Amino acid sequence: MAGGTKSFLADAGYGEQELDANSALMELDKGLRSGKLGEQCEAVVRFPRLFQKYPFPILINSAFLKLADVFRVGNNFLRLCVLKVTQQSEKHLEKILNVDEFVKRIFSVIHSNDPVARAITLRMLGSMASIIPERKNAHHSIRQSLDSHDNVEVEAAIFAAANFSAQSKDFAVGICNKISEMIQGLATPVDLKLKLIPILQHMHHDASLASSSRQLLQQLVTSYPSTKMVIVTLHTFTLLAASSLVDIPKQVQLLLQYLKNDPRKAVKRLAIQDLKLLANKTPHTWSRENIQALCESALHTPYDSLKLGMLSVLSTLSGTIAIKQYFSSVPGTATTTARSFDLVKLAQECCYHNNRGIAAHGVRILTNITVSCQEKDLLPLEQDAVFGLESLLTLCSQDDSPGAQATLKITLTCMVKLVKCRPHLSQSVVESLLTQLHSAQDAARILMCHCLAAIAMQLPVLADGMLGDLMELYKVIGHSATDKKQELLVSLATVIFVSSQTALSSEIKTVIKQQLENASNGWTAYRIARQASRMGNHDMARELYQSLLTQVASEHFYFWLNSLKEFSHAEQCLTGLQEDNYSSALSCIAEALKSYHKGIASLTAASTPLNPLSFQCGFVKLRIDLLQAFSQLICTCNSLKTSPPPAIATTIAMTSGNDLQRCGRISNQMKLSMEEFRNLATRYGDLYQSSFDADSATLRNVELQQQSCLLISHAIEALILDPESASFQEYSSNGTAHVESEYERRMMSVFNHVLEEVESLNRKYAPVSYLHTACLCSAVIALLKVPLSFQRYFFQKLQSTSIKLALSPSPRNPAEPIAVQNNQQLALKVEGVVQHGSKPGLFRKIQSVCLNVSSVLQSKSGQDYKIPLDNMTNEMEQRVEPHNDYFSTQFLLNFVILGTHNITVESSVIDSNGIVWKTGPKTTIFVKSLEDPYSQQVRLQQQQGQPPSQQQQQRTAYSRF
């Protein structure tokens with residue numbers, strides 16, 4: 001079928017791909033027309049895949065109309081299949097263009113004598129509620145079916161009523177009384193009442209409706225005290241409060257009341273579950289009394305399962321603003337000490353509980369209190385938190401069951417959080433982790449290594465102390481090739497790379513390589529090499545990439561590894577730089593550039609149409625240009641010695657009034673150099689803007705490269721070109737910013753050092769002295785001596801977002817222009833679909849899409865008369881918010897000038913923080929502007945010297961209107 005077809009809207013152009021989509025649809029249509037039920041069903045269930053592949057309205061509309069036909073004439077099983085397809089493809093429903101026709105075909109079945117057919121139709125209408133919320137005939141059918149004597153039909157009507165209530169205020173207001181009558185009616189069976197009650201959660205469209213629904217639910221809770229009824233009613237109560245917002249404090253009190261007073265465990269469990277929901281949604285509405293009541297219930301309950309639930313609510317609240325409200329002293333009362341608070345008592349009591357889950361929540365509460373409340377009397381809780389964490393660590397690290405691992409994750413997350421906020425506690429935390437590492441299970445060791453790496457990144461002071469223990473552990477890790485062992489090798493190697501701040505010693509490298517030879521597969525070695533590249537240990541990475549070159553199955557992988565090896569070798573060359581030896585610096589940079597050029601050739605060979613490696617190529621090309629710019633700057637600085645100014649330089653300087661001319665050719669070279677660095681900074685900014693899917697560490701890395709370019713251009717300006725106007729205010733170091741990685745820490749210290757040097761030399765020894773050039777060369781060497789970090793996005797994409805655009809009208813053949821008369825406007829419709837990978841919105845989400853349409857005249861045809869500049873080009877921009885990953889908008893374009901115009905549509909996305917990302921794509925179509933027939937006729941007559949006829953004069957008068 002469509003399996004062998006290319007992806008929609010690929011490079012072949014929209015016209016051809018449209019045929020592809022049509023052929024796929026025709027294939028399914030053939031199945032629908034088949035006489036065999038099995039083939040018809042198979043064709044129906046393949047529609048969601050078609051919608052996924054070709055998500056544009058023109059196809060979806062046709063497909064849904066065909067499905068509606070099948071629904072109208074098919075049997076109940078086929079109808080059920082169509083219903084399932086509609087429910088699966090809910091987000092495509094709004095792309096149906098002929099909604100009336102679609103609904104008409106579906107709705108005709110509601111008049112069937114078969115109650116099952118009517119039931120399926122009702123469910124179908126309910127599933128379509130988002131596109132037909134105000135259809136009165138659908139509303140009427142649902143109300144009628146609620147009175148049916150057939151249970152299947154009534155249940156379907158309840159489903160439809162719930163969906164329509166959520167979408168339509170009119171329907172919700174109209175059905176509310178009917179529902180309440182049925183719920184309170186004695187004739188309605190209890191199981192039906194249980195199904196009707198949840199409809200009330202959608203009655204939040206206005207305050208009076210929500211209020212009457214709450215009163216009804218309040219009556220039900222008291223009138224029907226059976227367990228099932230109370231559970232359903234309370235949960236509906238909570239969902240209604242969560243949607244209408246104003247009643248949340250009352251609802252929290254009601255749930256706490258049931259938790260305290262109702263003896264039934266099931267009701268207590270539901271109350272806890274709903275409290276958790278409200279704690280996540282609106283923690284700021286929880287008063288101190290609410291938290292106190294929950295603490296008292298937790299302290300007095302004898303059941304571990306309930307205590308676990310209550311603690312889970314409290315631990316959620318402890319990470320929010322609610323915890324500060326709890327500890328703020330109430331006016332008019334004496335301030336109590338921290339240890340007398342019930343929450344603290346409860347957390348301390350639970351830290352050493354024999355149930356792991358309870359202990360984890362207890363420790364988490366203590367950690368959150370320690371982190372968020374900085375008051376003096378809460379300081380003793382630090383030690384309680386540390387002891388609790390250590391005991392839980394000892395307990396969970398010996399057990400490799402999934403429950404223990406989950407608890408261990410919570411424990412380690414709390415450790416990192418605590419150390420980040422209270423660095424003085426870090427020594428004891430790290431010591432306990434290292435002690436446990438030796439005796440722990442492999443699964444626990446992996447998690448503990450991640451924790452150690454996170455702590456060492458934040459507090460590099462601790463890192464050196466870890467190395468001895470880690471190396472001992474690495475030697476005795478064992479030689480089994482299990483997945484856990486492989487994972488452990490990678491995790492431990494990562495911690496070792498983080499811990500050894502400077503270059504790895506040969507002893508460490510030998511140990512790692514020996515272990516890899518003994519126990520690892522190629523993938524593990526690659527992952528370790530990747531971590532080495534991220535941490536700047538390029539010599540180790542180069543050796544590992546070299547060893548892997550012959551172990552891969554495709555030439556693309558070979559070229560990828562070869563390029564990584566060359567990049568690592570290039571960066572390794574730069575570690576040999578010496579402070580004051582500028583000639584050796586030039587040879588080191590030249591050597592690095594040689595490897596980089598080999599690497600970029602290999603990287604280009606590794607790219608494929610499906611994986612073009614655009615970020616990697618962009619990043620490396622910029623690095624090459626940056627190294628060349630650094631090399632050029634050192635040569636320019638040397639030219640002050642090698643090419644001193646001519647004898648007439650002073651005279652030139654006096655006549656031109658520019659004192660810098662006294663130094664000869666260095667002045668112009670410095671200008672060029674400064675422009676080059678500014679240009680590089682702009683290009684790094686462009687790379688940043690095009691990396692929407694990159695993680696924050698990668699983006700920070702690109703930003704640091706950009707800042708280093710700006711720093712050097714600023715230094716050139718401040719020292720040589722324009723010392724008078726140079727300002728140091730905007731470049732002053734921001735000490736409060738939190739540094740995430742060792743690479744960033746080192747770069748920031750170099751930036752600050754260079755700025756201090758430049759500031760101390762500013763406006764001294766004018767115009768240029770050897771001190772100035774030496775300062776610039778030292779700045780270049782200092783920046784290059786920090787080993788470059790190849791961050792995660794260079795190796796793997798965790799989030800993937802792309803946009804497909806479809807333009808209409810569009811030509812059959814992409815090279816063919818669309819014909820438009822010059823006295824008419826072209827309505828260009830732009831439709832688009834946002835496509836995601838497996839983890840949508842992991843780092844950032846699309847808020848809106850910005851579409852930019854521009855047209856350029858390519859070639860003129862006709863006479864060359866002057867036309868206002870406004871009519872020459874079209875420049876328009878629109879922002880559209882995607883709904884269910886689909887957006888569409890229209891542009892009106894003028895083509896007054898005859899000839900061929902090139903229209904470019906470019907999309908960029910705006911994330912939830914309002915930042916614009918230039919993600920593309922860019923689509924181009926051609927338009928040929930033709931002279932309208934009447935103007936052509938008039939022109940020809942004028943050329944022949946004939947006056948226009950009477951009829952034509954009349955037409956001209958009318959044409960103005």
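In this text, all values refer to a predicted model and were calculated from it rather than measured experimentally.
- Between the side chains of N852 and E906, no donor N or O sits under 3.5 Å from an acceptor N or O.
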Between V909 and S848, is the side-chain contact (heavy atoms from CB on, under 4.5 Å) condition met? List the steps. CA-CA 6 Å; V909 303; S848 57; over 6 Å; no

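- The existence of a salt bridge linking D114 and R79 is excluded, since no basic side-chain nitrogen approaches an acidic carboxylate oxygen closer than 4.0 Å.
- The existence of a salt bridge linking D274 and R269 is excluded, since no basic side-chain nitrogen approaches an acidic carboxylate oxygen closer than 4.0 Å.
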Walk me through whether F164 and H139 qualify under side-chain contact (heavy atoms from CB on, under 4.5 Å). CA-CA 8 Å; F164 272 92; H139 294 183; 3.8 Å; yes

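- Annotation: side chain of S168 is not in contact with side chain of R135 (no heavy-atom distance under 4.5 Å).
- Remark: the N884 side chain and the H92 side chain contain no N/O donor-acceptor pair separated by less than 3.5 Å.
- Between R812 and E816, none of the side-chain N atoms (NZ, or NE/NH1/NH2) sits under 4.0 Å from a carboxylate O, so this pair counts as no salt bridge.
- Counted by atom type alone, Q847 and S912 present zero donor-acceptor pairs between their side chains at under 3.5 Å.
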Would you check, one step at a time, whether the test salt bridge (Lys or Arg N to Asp or Glu O under 4.0 Å) holds for R214 with D247? CA-CA 9 Å; R214 276 189 75 81; D247 298 309; 3.7 Å; yes

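- The residues D69 and K66 are annotated as not salt-bridged, no charged nitrogen and carboxylate oxygen being separated by less than 4.0 angstrom.
- Ion pairing between a basic and an acidic side chain is recognised when a charged N comes within 4.0 Å of a carboxylate O; D262 and K268 show no such pairing.
- Looking only at distances, a side-chain donor or acceptor of S243 sits under 3.5 Å from a matching main-chain atom of L239.
- Proximity of D170 to K136: side-chain heavy atoms (C-beta onward) are separated by under 4.5 Å at one or more points.
- Contact annotation: the side chain of F237 never approaches that of L255 to less than 4.5 Å [non-hydrogen atoms, C-beta and beyond].
- When side chains are defined from C-beta on, V85 counts as touching S89, because their heavy atoms get closer than 4.5 Å.
- Distance alone, capped at 3.5 Å, places no donor-acceptor pair between the N98 side chain and the E101 backbone.
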For K178 and D147, what are the C-alpha separation, side-chain angles and deciding distance, and is it a salt bridge (Lys or Arg N to Asp or Glu O under 4.0 Å)? CA-CA 10 Å; K178 169 97 178 152; D147 296 328; 2.5 Å; yes

One pair to check against side-chain contact (heavy atoms from CB on, under 4.5 Å): F171 and N163. What are the steps and the verdict? CA-CA 10 Å; F171 181 79; N163 283 16; over 6 Å; no

For the pair M203 and I199, evaluate side-chain contact (heavy atoms from CB on, under 4.5 Å) and give the outcome as yes or no after the intermediate values. CA-CA 8 Å; M203 305 293 168; I199 296 178; 3.9 Å; yes

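- For R844 (side chain) and F692 (main-chain N/O), a donor-acceptor pair under 3.5 Å exists by modelled atom type.
- Between the S145 side chain and the I142 main chain, no donor and acceptor come within less than 3.5 Å of each other.
- Side-chain atoms of K193 and Y224 include a donor-acceptor pair closer than 3.5 Å.
- Taking the side chain as every heavy atom from C-beta outward, L220 and Q215 never approach each other to under 4.5 Å.
- Inspection of the Q40 and S34 side chains reveals no N or O donor paired with an N or O acceptor under 3.5 Å.
- Within the 4.5 Å cutoff, side-chain heavy atoms of R72 are placed close to those of R105.
- A donor-acceptor contact shorter than 3.5 Å links the side chain of T188 to the backbone of M182.
- When only modelled atom types and interatomic distance are considered, T236 and Q201 share no side-chain donor-acceptor pair under 3.5 Å.
- Note on D206 versus K169: salt bridge recorded, some NZ/NE/NH1/NH2 to OD/OE distance being below 4.0 Å.
- Taking the side chain as every heavy atom from C-beta outward, F891 and L851 approach each other to under 4.5 Å.
- A donor atom on one side chain and an acceptor atom on the other are not found under 3.5 Å apart for E831 and S888.
- Remark: side-chain polar atoms of H205 are paired, donor with acceptor, to backbone N or O of S165 under 3.5 angstrom.
- Side-chain atoms of Q890 and Q878 include no donor-acceptor pair closer than 3.5 Å.
- Between K104 and D100, none of the side-chain N atoms (NZ, or NE/NH1/NH2) sits under 4.0 Å from a carboxylate O, so this pair counts as no salt bridge.
- Within the 6.0 Å centre-distance limit, the rings of F64 and F51 are counted as a close aromatic pair.
- With 3.5 Å as the limit, one finds no donor-acceptor pair spanning the side chains of D693 and S800.
- Using modelled atom types and a 3.5 Å distance limit, the side chains of S130 and Q167 yield no donor-acceptor pair.
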